[in-house]
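Every chain is numbered from 1 and lettered A, B, ... according to where its sequence line falls, protein lines coming before strand lines.
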Amino acid sequence: MADNAFTPLVNPDTEPFWRGCDEGRLSLQRCTGCGEFRHPPSPVCHACLSPDHEWVQAAGRGAVWSFAVVRERIEGWPGDVPFVVVIVELKEGVKLVSNLQASPDTVHIGMEVEVCFEDGPAGMRLPHFRPV
Amino acid sequence: MRVPSCAIVGIGESEVSRRPAATHVDLGLRAAIAAIQDAGLGNSAIDGVITQQTRFNPQANASPLLAQRLGIRPTYVNDISLSGAAPAAMIVNAVAAIEAGLCSTVLCASAGGDQPLSLEGRGRGRLGTGWEDFMNPFGAGAAPVSYALGAQRHMHLYGTTSRQFGAVAVACRRHAQLNPNAVMQKPMTIDDHQASRMIVDPYRLFDCCVPAAGAGAVIVTSAERARDLDRKAINIVGMGAASLFATLEHADELAASAARGAAERAFASAGLTPADIDFAELYDPFTSVVLVTLEDYGFCAKGEGGAFVENGRIELGGALPVNTHGGLLSQGHLGGITHITEAVRQLRHEADQRQVQGARTGAVSSQCAQLGMHFALLLANQETR
């Protein structure tokens with residue numbers, strides 16, 4: 001049960017994603033109707049509306065599509081500051097929001113990154129990224 | 001019997017069970033897709049999406065999110081939050097939107113289900129899985145962070161600078177100083193803006209709106225009734241909306257927004273162009289949003305927003321005064337309602353020291369979902385015929 005703002009709510013629609021993280025795998029839904037990947041998880045495909053899908057282990061590689069360096073503990077952020085928020089464009093063609101484990105001075109749009117897993121709240125593991 | 005303007009052409013239902021077979025999001029999608037298919041349509045034929053909010057733990061921006069899940073980019077959305085009255089209210093809203101020319105074919109979707117029986121846990125103030133679960137764990141859920149990601153794209157693509165963002169802050173502050181009902185009254189120069197501390201790169205303190213408490217309200221009536229009321233009625237001459245995405249992951253680009261589609265429709269519905277607009281009250285949670293909106297409305301080319309806001313162009317006395325009341329940035333974040341009340345004041349020529357001389361037509365913007373969903377209004381006083 002989520003008891004603070006930073007713990008994700010896990011439910012049947014999203015459980016495979018978070019279980020994958022616990023096991024060190026970045027998992028993406030892929031529509032078996034048309035092959036389109038999607039993120040964040042959703043019960044149906046936004047391209048063809050099929051509910052049929054599989055969970056695929058993503059390559060874990062991508063590039064920084066945008067970033068923001070958070071310097072204050074906005075809304076009670078419990079971790080250290082500064083920290084880097086990124087939107088990563090994965091090799092599979094979908095984007096994902098995450099944190100970058102790198103100095104804020106080094107991050108730039110286009111930086112090649114790979115996934116890593118960090119301990120998060122409530123015993124969960126979170127997908128983060130680091131420069132390749 | 002009255003000749004009907006609208007008809008129901010599709011219906012859908014999910015399975016109904018004592019205990020839920022799936023999450024309310026999943027059940028809702030099944031019903032929505034069944035209705036679309038029953039109508040013999042695909043998702044591309046749907047241009048309006050209206051949702052019934054669950055009574056407890058409503059999902060913010062539920063209709064743009066449903067549209068995103070279904071791959072729909074509607075020109076009208078609405079969330080109806082009336083508990084048991086919502087179902088028929090959705091149909092009434094759909095008819096009104098169709099009759100107003102905002103859309104032609106509307107999905108009215110209810111993903112209710114009695115809350116305690118849902119498979120989802122009870123999260124902080126919300127029921128289902130929305131965008132928060134894939135943002136909040138990374139500290140990206142707060143507005144300054146999610147919008148900063150868009151500002152960064154604009155700087156990357158177009159070389160926009162922090163000083164250019166600052167021109168928006170300075171303009172709003174100057175206007176707030178002329179508005180006794182604005183919370184920020186201290187002068188701000190561009191150097192003050194540049195010296196203010198960085199909150200989330202590239203946003204400095206003065207790039208962010210200020211919290212405030214306050215309310216606003218508007219009365220709308222028919223043109224015929226307005227004539228009878230002997231008031232300085234301000235005409236709603238153009239309306240348009242667009243929903244491109246609800247979550248950042250689904251944005252093709254964050255340096256552009258749904259403002260473009262909304263404004264195109266508003267201008268087309270009014271028979272006006274950006275050149276006809278005398279001032280603009282633009283939703284401004286952060287400075288960069290104003291640049292993107294100005295570009296997307298066509299006041300300047302995409303990417304030229306930085307240059308456009310410089311040199312006083314958006315200040316009173318400039319070519320296109322923006323946020324003459326101080327905006328969210330300096331009047332305070334009241335949700336944007338006072339952008340409308342201020343536009344009306346300007347068009348009534350009752351804006352005192354902050355009056356745009358000879359104002360006849362103004363634009364107002366409202367938006368949500370990190371620029372993914374936008375409503376545009378064009379207002380004009382009676383002098384514009």
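- Contact annotation for A:His128: only side-chain heavy atoms (C-beta onward) come within less than 4.5 Å of a heavy atom of chain B.
- Between chain A and the options B:Gly139, B:Ala67, B:Ala140, the largest number of non-hydrogen pairs under 4.5 Å is found for B:Gly139.
- Between B:Asp252 and B:Arg73 there is a salt bridge, since at least one side-chain N of the basic residue sits less than 4.0 Å from a carboxylate O of the acidic one.
- Heavy atoms from other residues, nucleotides or ligands lying under 6.0 Å from CD of A:Glu15 number more than 12.
- The existence of a salt bridge linking B:Glu15 and B:Arg30 is confirmed by a sub-4.0 Å separation between a basic side-chain nitrogen and an acidic carboxylate oxygen.
- Contact count against chain A (heavy-atom pairs under 4.5 Å) is highest for B:Gly71 among B:Gly42, B:Gly71, B:Ser44.
- Only the backbone of A:Cys45 comes within less than 4.5 Å of a heavy atom of chain B; no side-chain atom from C-beta onward does.
- The pair A:Arg30-A:Glu36 fails the salt-bridge criterion, with no side-chain N (NZ, NE, NH1 or NH2) lying under 4.0 Å from an Asp/Glu carboxylate O.
- Contact annotation for B:Ile33: only side-chain heavy atoms (C-beta onward) come within less than 4.5 Å of a heavy atom of chain A.
- Note on A:Val94, A:Val70, A:Leu49, A:Ile74: by heavy-atom pairs under 4.5 Å with chain B, the leading option is A:Leu49.
- For residues 143-152 of chain B, a heavy-atom distance under 4.5 Å to chain A picks out B:Pro144, B:Val145, B:Ala148, B:Leu149, B:Gln152, given by residue number.
- A:Gln101 and A:Glu118 form a side-chain donor-acceptor contact under 3.5 Å, judged by distance and modelled atom types alone.
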Point to revise | Worked check of side chain to side chain donor-acceptor pair (under 3.5 Å) between B:Thr23 and A:Asn11 | key: CA-CA 8 Å; B:Thr23 63; A:Asn11 69 33; 5.4 Å; no
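- Remark: A:Glu23 does not engage A:Arg125 in a salt bridge, criterion side-chain N to carboxylate O under 4.0 Å.
- Using a 4.5 Å cut-off between heavy atoms, A:Pro127 touches chain B through backbone and side chain atoms alike.
- The contact between B:Leu254 and chain A is made by backbone and side chain atoms together, counting heavy-atom distances below 4.5 Å.
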Practice item. Could you check B:Phe206 against B:Phe165 for side-chain contact (heavy atoms from CB on, under 4.5 Å), going step by step and ending with a plain yes or no? Key: CA-CA 9 Å; B:Phe206 288 162; B:Phe165 294 154; over 6 Å; no
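- Between A:His39 and A:Phe17, the distance from one ring center to the other falls under 6.0 angstrom.
- Of the two parts of A:Glu75, only the side chain, counted from C-beta on, holds a non-hydrogen atom closer than 4.5 Å to a non-hydrogen atom of chain B.
- Put simply, the side chain of B:Leu29 reaches to within 4.5 Å of the side chain of B:Leu66, judged on heavy atoms.
- Residues B:Ser288 and B:Tyr203 have side chains that bring a donor and an acceptor to within less than 3.5 angstrom of each other.
- Using a 4.5 Å cut-off between heavy atoms, A:Trp18 touches chain B through its side chain atoms alone.
- Interface residue A:Leu96: only backbone heavy atoms are found under 4.5 Å from chain B.
- No side-chain donor-acceptor contact under 3.5 Å links B:Asp79 to the backbone of B:Gln53.
- At a 4.5 Å heavy-atom cutoff, the contact between A:Val85 and chain B is made by backbone and side-chain atoms alike.
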